[in-house]
Every structure is written in C-alpha cells, then in structure tokens.
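Contents: one structure, followed by commentary.
Computed over heavy atoms, backbone and side chain alike; hydrogens, waters and symmetry mates excluded. All ligand and atom numbering here is 1-based and tracks the order in the structure.
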Amino acid sequence: MGNRLSTPSHSSPDLSLPAPEPAVILIPWRKIDCEDNILHEVKDFKPSTEVLRIVLYGPTGAGKSSFINSVQRVILGRNAMSALENNTHTGTSFTKKMNIHKLKSARGVPYPLEIVDIMGLQLSEGGIKQEDIVKAFQGHISDDYIFNPGVSITNEDPKYKEKPTLREKVHCLVCVLPADSVSRMDTRDFEQIKHVRDTASLLGIPQVIIMTKVDRACELVKVDLGKMYQSKKIKEKMDVCSVNVGIPLNAIYPVMNYSESITQDSLIDMFILTALRDILNFANDYVERELEKDD
Ligand SMILES: Nc1nc2c(ncn2[C@@H]2O[C@H](COP(=O)(O)OP(=O)(O)OP(=O)(O)O)[C@@H](O)[C@H]2O)c(=O)[nH]1
Ligand SMILES: [Mg+2]
C-alpha cells in the first residue's frame, strides 16, 4: 500500500525554480488624471489659430482610423464613425486615400482639430512611401489624394500644393503603433518611421506615439484597464516603442480604441483624453512658435 502523504503534490510550488515575475508593478509609473477636468480641458480647448491639424502614420492595421473614431466619439460623447476601419486583415492598407477628418464637438459644431488619416506603412506589401508621409505633413498633399505605393506624388499632380500655408501644414506628428505586435515589427519599418521623424525634427514639428491595442498585449489590462499604468507588459511595450523610434517615454500614450464596445466607457475615454490633451498642447505650441517667427 502506497503512502499518500509521500506522493508529491502537483499543486505545491517547486522551490528550486525562481518565483514568477509579477505582472503588476506596485507603484504606478504614471498617474491617471481626473476625467472631468481633462474632458473640460479638451472640450473647451481654444488654439492660437483657427484649427490645429495632426497626422497619424504607422503600420497597416495599427489602429489609426480607429483612433480617429475613438477621439471623435470621446469629444461627442456618443458612438461616431468618421474614418472607415479595417476588420479583415489583408496585409495591405485599408486606408488608401488622404482623408482630412474635421472633428465636431456637437452636431454641426466644428471642433478646432483636424486629423489626417493616411495609408499605412507596409514595406513588404507596398504601403505608403515615406516621401509621401513627409509631403503629407508638410501640407503638400490635398484631401482625397489616392496614394500610389509604387511612386510618390509629383509636383505636377493636381492634388499637389506647391506652397502650403501654416493652416495646411501638420502641427503634430502622431506615430500609431500596436502594442500586441510592435516587438515583431520589421526593423526596416522602424527605419522608415525614423526617417519621417528626423525630417519632422528638423522642422521642429512635435512628435508623439499612440500605442494602441493594449487589451491585446496584456491580459491584466484587458480585464482591468485601470491597471494600465501598473502593467509591466505595457511598460515593456512602451520601452520597445521608445528605443526603436527614439521618442521619450513621456511622449508615448498607451490607449485602447473603441473597436468592439458600443457603450461609452470612462476609462477608455480617460486614456484617449490624456493623449489628446497633450497632442493639442504640443500642436498649439508649435503653431505659436511658427507665428512668432512670422512677426
Ligand atoms: N482589440 C483592439 N482592436 C483594435 C484596437 N484598435 C484598432 N483595433 C482593430 O484593429 C483593426 C485595424 O484597425 P484600423 O483602425 O482599421 O487600422 P489602420 O491603422 O487604420 O489600418 P490601415 O488603414 O489598413 O493602415 C480593426 O479591426 C480595429 O477594430 C484596440 O485598441 N484594441
Ligand atoms: Mg485606416
């Protein structure tokens, strides 16, 4: 008869193995803002110019169009579909045209922000050319231009603007990267992003990263979005973005887009608002610097 007590239990911890690393960092590495304050700040934002313009760029399927819809939804306080999203991942960019989205703060009331949605980067499958991203943020490309993955826009194209005004230029460059796959991104994609970024830096245009799909990158955050700034996984993904693109951690904003839910969620809103508030301020600072140069 065997001794039951001497049989090793499968549930008892193996003390010879190192303890698993905790998924949560006890002290949050960033503070969650108060939603009411930040919502008012964003809703009542008055830029130093008629309207601010930002551009979103990044890999195909990163969530650029979804971010535009999420921003519009948070400002309106209801479901909105401004930009078409891609639900069938084909590998090629779903957004093919230059789309300048004019946001609304209420029905028929313009909000002083325009978001430019462009074709995604996809080296192997022929996404947007990096020269076109540069031309787009310099204001040379008009609304509705259809990108050609083979060739960049020429000066002769009817959609090419020779001398864009400050109003037509982009005032903040937003790189959108997906948290769930950023670690597997092709280094050549990062090189393209860096090239775009270098050109923007020479022109003094501020740059940030929106890190989407946090719910797909971290199980803990998927269950409780409130743990975003305590998640080790999210912090690691932000480090990957920072190291590869060269943007400091304080200009990287992890967000979850409204992609499945149709009801408003104050935590989803909070992270989107935090990113939006800073983007608005950075864009406005740039406009003020440019206006001072003209004086
Ligand atoms: N779970 C989850 N899904 C997301 C998130 N953001 C976007 N998605 C989904 O990812 C898919 C691609 O999103 P899009 O917004 O179309 O991506 P895009 O960057 O505009 O893609 P292209 O236009 O093809 O370059 C869609 O099915 C979205 O619903 C997110 O934060 N979490
Ligand atoms: Mg898109």
Exercise. Looking only at non-hydrogen atoms, which of S70, S66, A179 approaches atom 14 (P) of ligand 1 most closely?
Worked result: S66

For this session: Just jot down the ligand 1 atoms closer than 4.0 angstrom to any heavy atom of G120, in number order.
Result: 25 (O)

Looking only at distance, does [X] have an N or O less than 3.5 Å from an N or O of ligand 1?
X	answer
V214	no
M256	no
D117	no
A62	yes

Seminar exercise, completed: Honestly, for N257 the part within reach of ligand 1 (heavy atoms, under 4.0 Å) is both

Exercise. What do we get for K213 next to ligand 1 when only non-hydrogen atoms under 4.0 Å count, side chain, backbone, both or neither?
Worked result: both

Exercise. N/O/S of S66 less than 2.8 Å from the Mg ion (ligand 2)?
Worked result: no

Problem set entry | Straight-line distance of N284 CG to L113 CG, nearest 0.5 Å | 11.0 Å

Seminar exercise, completed: d(F190 CZ, C175 SG) to nearest 0.5 Å is 8.0 Å

Problem set entry | side-chain contact (heavy atoms from CB on, under 4.5 Å) partners for V287, two or more places apart | T49, L52, L166, H171, L291

Problem set entry | Check: S142 side chain, K159 main-chain N or O, donor-acceptor pair, under 3.5 Å | yes

Exercise. Using a distance-only test with no angle check, is there a side-chain donor-acceptor pair under 3.5 angstrom linking K237 and S183?
Worked result: yes

For this session: Share the residues that join V24 in a hydrophobic cluster, the rule being Ile, Leu, Val, Met, Phe, Trp or Tyr side chains under 4.5 Å apart at the heavy-atom level.
Result: L220

Exercise. For the residue pair Y229 and F271, is the inter-centroid distance of their aromatic rings smaller than 6.0 Å?
Worked result: yes

